[in-house]
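Please read all numbers here as calculations on a predicted model, not as lab measurements.
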Amino acid sequence: VGPYHCPLAGILWLFTIGIHEAGHPIFQFISGGNFVLTIWGGTLTELGVPLAAFFYFLRKGREIQADVCLLLLAIACYSVGQYSGCRLDPVISLLNAGPETLPDWDYMHKWLGTEGYEWHFRHTFYALSAFLSALGTYLLAAHFWSWNNPDGYNYNEDDDGHDRFFTRG
């Protein structure tokens, strides 16, 4: 399931692309115009912002917000996976680009010496996205249940652990 299959995923994907694109000028400013850091800045920001927000909320004890950030990180990993394998797709949309502009990952694969391994990078990020999605969903459900049932009351009056979610006494 990607941004073309679910409207909400499309909106969140555009959000991560906005963070990615904002990372380029931020890193350009920080690095004093260094081309390599400017190119890397987009991907680092796209992955770094939800990761930093995750740790921020986790440190503050806001588990549900941290879980949502984990899901946003999963979407960012999916987006980076799609972009890191851009040579595998003949059509890719580049924002703020001219006709001669190369995608970031064309440069990054050259610098890393990983040309020809685009498929591996793409599917590694996809696998990471799937893992983070599963982990984030599980933790969100567990923390939501804990928040919704703070006293630990057993609504079924049994010990099998299959309590109903939204009922009260």
Inset, instruction - Could I get the full list of side chain to side chain donor-acceptor pair (under 3.5 Å) partners for Asn34, not counting sequence neighbours? - result: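 Listed in chain order: nothing, the list is empty.
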
Inset, instruction - If you link ILVMFWY side chains whenever their heavy atoms are less than 4.5 Å apart, which other residues fall into the same cluster as Leu37? By chain and number, please. - result: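 Same cluster as Leu37: nobody, lone residue.
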
Inset, instruction - Kindly indicate, with the supporting measurements, whether the criterion ring-ring contact (aromatic ring centres under 6.0 Å, His included) is fulfilled by Trp105 and Phe121. - result: CA-CA 10 Å; Trp105 274 91; Phe121 269 78; 5.7 Å; yes

Is any side-chain heavy atom of [Y] closer than 4.5 Å to one of [X]?
| X | Y | value |
| --- | --- | --- |
| Trp40 | Tyr107 | no |
| His20 | Thr43 | yes |
| Thr16 | Leu72 | no |
| Ser129 | Ile75 | no |
| Leu135 | Leu70 | yes |
| Asp67 | Tyr138 | no |

Legend entry - Tyr83 side-chain N/O to Asp104 backbone N/O, donor-acceptor pair under 3.5 Å: yes

Inset, instruction - Give a yes or no on whether the backbone of Ile26 and the side-chain of Gln28 come within a donor-acceptor separation of less than 3.5 Å. - result: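 Answer holds: no.
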
Are [X] and [Y] in one and the same hydrophobic cluster, where Ile, Leu, Val, Met, Phe, Trp and Tyr link if side-chain heavy atoms are under 4.5 Å apart?
| X | Y | value |
| --- | --- | --- |
| Tyr56 | Leu44 | no |
| Leu47 | Ile39 | yes |
| Phe15 | Val68 | no |
| Phe131 | Leu139 | yes |

Legend entry - Closest non-hydrogen atom pair, Gly33 against Thr38: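 Residues Gly33 and Thr38, closest heavy atoms: C-OG1, 4.3 Å.
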
Inset, instruction - Can you see which heavy atom on Leu71 is nearest to which on Ser133, and at what distance? - result: CD2-O, 3.7 Å

Inset, instruction - Could you tell me the separation between the CG atom of Leu73 and the CD atom of Glu46, rounded to the nearest 0.5 Å? - result: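 The CG atom of Leu73 sits 10.0 Å away from the CD atom of Glu46.
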
Legend entry - Criterion side-chain contact (heavy atoms from CB on, under 4.5 Å) against Ser84, the qualifying member of Phe125, Tyr117, Trp119: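 The option that passes is Phe125.
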
Inset, instruction - Go through the side-chain N and O atoms of His109 and Thr114 and say whether any donor and acceptor fall under 3.5 Å apart. - result: yes

Inset, instruction - For Gln82 and Tyr126, run side-chain hydrogen bond (donor to acceptor under 3.5 Å, both in side chains): C-alpha distance rounded to whole Å, both residues' side-chain angles, the deciding distance at 0.1 Å, then the answer. - result: CA-CA 8 Å; Gln82 181 70 26; Tyr126 284 172; 2.6 Å; yes

For residues 57-64, run the donor-acceptor check on the side chains, cut-off 3.5 Å, and write out each pair with its distance to 0.1 Å, sequence neighbours left out.
none

